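First up is the structure itself, then whatever we jot down about it.
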Amino acid sequence: MKPGIHLPNNVKQLKEDETFCFSCHPGVPCFCDCCQQLELALTPYDVLRLKEVLGLTGTQFLDQYAVIEYGEGDIFPRVYLAMKNDSRESCPFVSSNGCTVYEGRPSACRTYPLGRGAWLDQKGKSHASHVVIYENHCLGFAEAPKQNIAGWVHDQGLAPYNEANDQLMRLLQHKNIAAGFRPSASQCDLYIQTLYHLEPFKKTTADAIGLVMSDTALLPYAINWLIDELFPEEKN
Ligand code: SF4
Ligand code: SF4
């Protein structure tokens with residue numbers, strides 16, 4: 001987290017070279033217990049990876065698996081993974097054998113037991129710090145293997161997630177938002193359509209300017225395009 005922020009007792013700031021003991025595998029007695037009753041916020045890159053694994057379009061994924069909420073104090077709407085309507089409020093992707101979308105599991109699932117806070121400096125360079133989140137029900141902390149941040153990021157395949165999520169910060173932490181800009185309802189809709197559905201951006205804007213590329217490569221363009229749309233005075 002950004003230095004100077006007060007942390008709850010079960011959350012410990014982790015220095016870059018510090019280690020923590022943790023392992024999660026099918027042998028832990030709590031295996032998959034945490035894949036329920038979650039408020040699991042999805043970033044645009046999370047949706048992109050999940051829809052690829054599931055063979056869906058962004059629109060189909062949002063229709064089947066997402067809840068879009070606009071909470072008090074939020075700048076833009078948030079997209080959450082919809083839990084199932086069963087007695088455990090299970091994640092739609094959990095099975096007795098584990099996560100059925102493991103290759104495309106969201107950044108929050110990959111990052112735990114760490115939490116990552118990221119911010120941009122005045123030159124637009126991203127910085128991040130990490131905490132360990134100790135939760136009583138999680139028996140992975142009793143496991144022996146020692147991890148450090150770099151090893152965890154590598155093992156969990158987090159690098160492309162962190163990179164894509166940091167690119168979004170250029171919008172979410174834009175100076176105009178800090179200065180009080182609040183998007184209109186149609187601009188909020190544009191945010192969801194452009195970054196989460198992605199297909200409308202691809203069909204109209206990207207095709208019109210001849211951008212032929214994978215969704216992964218297209219997402220940064222969509223973020224830049226949206227920044228230009230929302231803050232046209234910034235365009236060069
Ligand atoms: S996406 Fe996978 S790892 Fe994440 S909560 Fe669902 S089942 Fe668990
Ligand atoms: S509670 Fe902890 S150890 Fe158990 S399955 Fe979840 S992350 Fe793994």
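Nothing here was measured: the structure is a model prediction, and the numbers come from that model. Whatever order the structure lists them in is the order used to number ligands and atoms, beginning at 1.
Taking the six-membered ring for Trp and thresholds of 30 and 60 degrees, Phe61 and Phe93 have nearly parallel ring planes, at less than 30 degrees apart. The aromatic rings of His174 and Phe231 lie parallel to each other, with less than 30° between the two planes, well short of the 60° mark. The aromatic rings of Trp119 and His127 sit parallel, their planes meeting at an angle under 30°, below the 60° perpendicular limit.
Nearest to atom 8 (Fe) of ligand 1 among the protein's heavy atoms is Cys35 SG, 2.4 Å. Given atom 6 (Fe) of ligand 1, the protein heavy atom at minimum distance is Cys91 SG, 2.3 Å. From the protein, the heavy atom lying nearest to atom 2 (Fe) of ligand 1 is Cys99 SG, 2.4 Å.
Sparse packing is recorded around CD of Glu39, with 12 or fewer heavy atoms of other residues, nucleotides or ligands lying under 6.0 Å away. Residue Asp155 places its CG atom among more than 12 non-hydrogen atoms of other residues, nucleotides or ligands, all under 6.0 Å distant. The 12-atom threshold is not exceeded at OH of Tyr221, counting heavy atoms of other residues, nucleotides or ligands nearer than 6.0 Å. Under a cut-off of 6.0 angstrom, the local environment of CD in Glu18 is crowded, with over 12 non-hydrogen atoms contributed by other residues, nucleotides or ligands.
Each of Leu195, Ile177, Leu190 was checked for a side-chain contact (heavy atoms from CB on, under 4.5 Å) with Phe76, and the lone residue meeting it is Ile177.
Remark: the His25 side chain and the Glu143 side chain contain an N/O donor-acceptor pair separated by less than 3.5 Å.
The part of Leu38 lying near ligand 1 is the side chain, judged by heavy-atom distances below 4.0 Å. Only the side chain of Pro106 comes within 4.0 Å of ligand 1, counting heavy atoms alone; its backbone N, CA, C and O stay farther away.
The residues Asp74 and Arg182 are annotated as not salt-bridged, no charged nitrogen and carboxylate oxygen being separated by less than 4.0 angstrom.
Listed by chain and number, the protein N, O or S atoms at a distance under 2.8 Å from atom 2 (Fe) of ligand 2 are Cys138 SG.
When each atom of ligand 1 is checked for a heavy atom of Phe93 under 4.0 Å away, the hits are 7 (S). Residue Cys109 has at least one heavy-atom neighbour below 4.0 Å for each of these atoms of ligand 1: 1 (S), 3 (S), 4 (Fe), 5 (S). Each of the following atoms of ligand 1 lies closer than 4.0 Å to a heavy atom of Val94: 7 (S). Close contacts between ligand 2 and Cys32 involve ligand atoms 5 (S) [criterion: under 4.0 Å to a heavy atom].
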